[in-house]
Amino acid sequence: MFKITQIDSSAQAIFTNPESKIVSLRKFYDMITADDFIPSPYQNTIENGQFQWSAPSNIALVKYWGKKEHQIPANPSVSFTLNHCKTITSLAFARKDSDGISFDLLFEGKPKEDFKPKIQKFFERTLSYLPFLKDYHFTIDTQNTFPHSSGIASSASGMAALAMNLMSLEKALNPEMTDDYFFQKASFLARLGSGSACRSIKGKVVVWGSHVEIEGSSDLFGIEFPTQIHSIFDNYQDTILLVDKGEKQVSSTVGHDLMHDHPFAERRFAQAHENLSKLKTILENGNLDHFIKIVESEALTLHAMMMTSLPYFILMKPNTLEIINKIWKFRNDTKIPVCFTLDAGANVHVLYPENVAVEVLKFIQDELATFCDNGQYICDSLGAGSKLIMNN
Ligand code: DP6
């Protein structure tokens, strides 16, 4: 029997044998480094064109909260990819002579200056991996399928959709690129825009961050959950209860930062590794009682980290707690395996298998909608990732 005694940040595990001698320092994955995403010289020249991709939002089951330099997560995370909540982005490009980054940004067809700094920063961060960025003027036109002020973060789907478009252009410049490289690099780029965006590229269940039991997992990009997922999770439902549609008081980026010097940080990061191990087994064997325990505990732990950082803050609202208590009572009374998770906000994601959808939707309508802003909620379910819409 091997026992894991330590998990270090470079995704290596030190195993000890029963005589507690270190017997191997195993790299569980042939480590891909960031330099592997610097492209070889482009083979083609293209004057202009346009792509359009959609990319979905995702909801984490084991949460990413805390990061190191260069958008490296402090712990691994896993998410369900959504189906309906997505960003649709088109990228038009025209070759230019001048050097430097140049782009226009439109939201729903109209110029949107306040989105520009985030994209400018993203282009600067990704320039060494996408040298063609200097050669074109870009027009980026983006829209979301979910309401603008719904409290649903569009940074994951938005950055993923932009990364897919940029990879389409790179593939046109270097057509020999493999599909594996295409998706891996798209996720790598999306991560540099927003960490959770790297989980919105491909796959229904996506792991991001090195984990000793998940083959191929990496801090640099998300991967599709590598083993067979139990059929109970097919078309799993996520109904998003819109408790508070306003702007969050504390951004995720600030929240991540507060995990530096957080009194519980190291224990939390270790717990995320443990929960991902447990969830891996659960996703394979379909034990929903165990699923519920991990998922709800992760949601509350995320918010507990916020409440115990300095400065501390609370993103849940009174109605968030009303909903949680109603879900617990309903589950207890009916034995229907419905649970909740939260992201960095007050909205509640209600998760349940498709075979109880009728009962749960009635419960939501009868008992939970009253706690939502204007009674609004969004019915979503598992989806497969980003999709190419137009290739010109
Ligand atoms: C609570 O990906 O939005 O949703 O990397 O700073 O852009 P940045 O943060 P972001 O953080 C998401 C945090 C979370 C948990 C999760 O999605 O895993």
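All values reported here derive from a predicted model rather than from experimental measurement. The figures that follow rest on heavy atoms only: side chains count, while hydrogens, waters and symmetry mates do not.
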Subject >> Audit row: Arg191, Phe221, side chain to side chain contact (heavy atoms under 4.5 Å, CB included) steps and yes/no >> reply: CA-CA 7 Å; Arg191 186 194 100 246; Phe221 47 82; 5.8 Å; no

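- Aromatic ring centres of Phe123 and Phe138 lie closer together than 6.0 Å.
- With hydrogens and angles disregarded, a donor-acceptor distance shorter than 3.5 Å links the side chain of Asp219 to the backbone of Ser210.
- With a 4.5 Å cut-off on side-chain heavy atoms, Ile240 and Leu82 count as touching.
- Here Glu170 pairs with Lys185 in a salt bridge; the nearest charged N to carboxylate O distance falls below 4.0 Å.
- Residues passing the salt bridge (charged side-chain N to carboxylate O under 4.0 Å, His left out) test with Glu284 are Lys280, sequence neighbours excluded.
- Ion pairing between a basic and an acidic side chain is recognised when a charged N comes within 4.0 Å of a carboxylate O; Lys293 and Asp289 show no such pairing.
- For the pair Lys67/Ile72, no side-chain contact is recorded, criterion being any heavy-atom separation below 4.5 Å from C-beta on.
- Around NZ of Lys121, the count of heavy atoms belonging to other residues, nucleotides or ligands within 6.0 Å does not exceed 12.
- Inspection of the His262 and Thr308 side chains reveals an N or O donor paired with an N or O acceptor under 3.5 Å.
- Counting heavy atoms from C-beta on, the side chains of Trp328 and Ile324 come closer than 4.5 Å.
- Salt-bridge check for Glu224 with Arg199: failed, with every basic side-chain N at 4.0 Å or more from each acidic carboxylate O.
- The main-chain N or O of Lys86 is never found under 3.5 Å from a side-chain atom of Ser57 such that the two would form a donor-acceptor pair.
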**OP:** Quick one: do Ser168 and Leu388 satisfy side chain to side chain contact (heavy atoms under 4.5 Å, CB included)? Show the steps, please.
**Re:** CA-CA 9 Å; Ser168 277; Leu388 179 65; 4.2 Å; yes

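- Applying the 6.0 Å contact sphere to NZ of Lys110 captures no more than 12 heavy atoms from other residues, nucleotides or ligands.
- Taking the salt bridge (charged side-chain N to carboxylate O under 4.0 Å, His left out) definition, one finds that Glu367 meets it with Lys326, sequence neighbours left out.
- Side-chain atoms of Ser79 do not come within 3.5 Å of backbone N or O of Thr81 as any donor-acceptor pair.
- Residues Phe183 and Val78 share a single hydrophobic cluster, defined by chaining ILVMFWY side chains whose heavy atoms lie under 4.5 Å apart.
- For the pair Lys387/Met164, no side-chain contact is recorded, criterion being any heavy-atom separation below 4.5 Å from C-beta on.
- In this structure Glu124 satisfies the salt bridge (charged side-chain N to carboxylate O under 4.0 Å, His left out) test with no other residue, sequence neighbours excluded.
- Between Trp208 and Tyr64, the ring centre distance stays below 6.0 Å.
- Between Tyr181 and Phe37, the ring planes are tilted. Angles from 30° to 60° get that label.
- Under 4.0 Å is where a charged nitrogen must lie from a carboxylate oxygen, and between Glu274 and Arg267 at least one such pair does.
- The number of heavy atoms from other shown groups lying within 6.0 Å of CD (Glu176) does not exceed 12.
- For the pair Arg268 and Phe264, the NZ or CZ position fails the cation-pi test of under 6.0 Å to the six-membered ring centre and within 45 degrees of the ring normal.
- Side chains of Ser90 and Asp141: a donor-acceptor N/O pair is absent below 3.5 angstrom, by distance only.
- For Ser102 and His137, the side-chain atoms include at least one donor-acceptor pair closer than 3.5 Å.
- Under the 4.5 Å side-chain criterion, counting only non-hydrogen atoms from C-beta, Tyr377 is in contact with Leu241.
- Follow the hydrophobic side-chain contacts under 4.5 Å out from Phe233 and you never reach Val350; the two are in separate clusters.
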**OP:** Apply side-chain hydrogen bond (donor to acceptor under 3.5 Å, both in side chains) to Thr89 and Trp53, showing your working.
**Re:** CA-CA 6 Å; Thr89 299; Trp53 278 86; over 6 Å; no

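- Between Phe80 and Tyr236, the ring center distance clears the sub-6.0 Å criterion.
- Nearest heavy-atom pair across Asn287 and Asn285 is N-OD1, 2.9 Å.
- Within a 6.0 Å radius of OH in Tyr312, other residues, nucleotides and ligands contribute 12 heavy atoms or fewer.
- A side-chain donor-acceptor contact under 3.5 Å links Lys96 to the backbone of Gly100.
- Taking 4.5 Å as the limit, every side-chain heavy atom of Leu279 sits out of range of all side-chain heavy atoms of Asn275.
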**OP:** With side chain to side chain contact (heavy atoms under 4.5 Å, CB included) as the test, would you mind laying out the steps for Asn374 and Lys245 before giving the verdict?
**Re:** CA-CA 10 Å; Asn374 275 322; Lys245 301 193 283 175; 4.0 Å; yes

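- Looking at His211 and Ser277, their side chains do bring a donor and an acceptor atom within 3.5 Å of each other.
- The hydrophobic cluster containing Ile336 also contains Leu361, counting ILVMFWY residues as joined when their side-chain heavy atoms lie under 4.5 angstrom apart, directly or transitively.
- Between Tyr136 and Phe132, the two ring planes are perpendicular [angle over 60°; tilted spans 30° to 60°].
- Val338 and Leu61 end up in different hydrophobic clusters when Ile, Leu, Val, Met, Phe, Trp and Tyr side chains are linked at under 4.5 Å.
- Counting non-hydrogen atoms of neighbouring residues, nucleotides and ligands closer than 6.0 angstrom, the CG atom of Asp114 exceeds 12 such neighbours.
- Within 6.0 Å of NE2 in His70 there are 12 or fewer heavy atoms belonging to other residues, nucleotides or ligands.
- Of the N and O atoms on the side chains of Asn144 and Thr87, at least one donor lies less than 3.5 Å from an acceptor on the other residue.
- Using a distance-only test at 3.5 Å, with no hydrogens or angles considered, no donor-acceptor pair links the side chain of Asn48 to the main chain of Ala94.
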**OP:** Under the salt bridge (Lys or Arg N to Asp or Glu O under 4.0 Å) rule, what do Glu296 and Arg331 come out as? Steps first, then yes or no, please.
**Re:** CA-CA 13 Å; Glu296 292 191 345; Arg331 190 167 74 222; 2.8 Å; yes

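- Judged by distance alone, with hydrogens and angles left aside, the side-chain atoms of Ser187 form no donor-acceptor pair with the main-chain N or O of Gln184 at under 3.5 Å.
- Under the 3.5 Å distance criterion, the side-chain polar atoms of His303 are left unmatched by any main-chain donor or acceptor of Leu315.
- In this structure the side chain of Ile282 reaches within 4.5 angstrom of the side chain of Ile294, judged on heavy atoms.
- The backbone N or O of Phe330 lies less than 3.5 Å from a partner atom in the side chain of Thr334, making a donor-acceptor pair.
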Original post:
Run the side chain to side chain contact (heavy atoms under 4.5 Å, CB included) check on Ile152 and Ile378 step by step: do they pass?
Top reply: CA-CA 10 Å; Ile152 299 178; Ile378 296 174; 3.6 Å; yes

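- Nearest heavy atoms, Ala55 versus Ala160: CB-CB, 3.6 Å.
- Neither side chain, Asn392 nor Gln50, offers a donor N or O lying under 3.5 Å from an acceptor on the other.
- Other residues, nucleotides and ligands place no more than 12 heavy atoms under 6.0 Å from the NZ atom of Lys204.
- Under the 4.5 Å side-chain criterion, counting only non-hydrogen atoms from C-beta, Lys329 is not in contact with Asn332.
- Of all heavy-atom pairs between His84 and Thr145, the closest is O-OG1, 2.6 Å.
- Using a 4.5 Å cut-off between side-chain heavy atoms of Ile, Leu, Val, Met, Phe, Trp and Tyr, with links allowed through other members, Val243 and Leu351 fall into different hydrophobic clusters.
- Classification of the Phe115-Phe107 ring pair by plane angle, with boundaries at 30° and 60°, yields perpendicular.
- Counting heavy atoms of neighbouring residues, nucleotides and ligands inside a 6.0 Å radius, atom CD of Gln228 does not exceed 12 of them.
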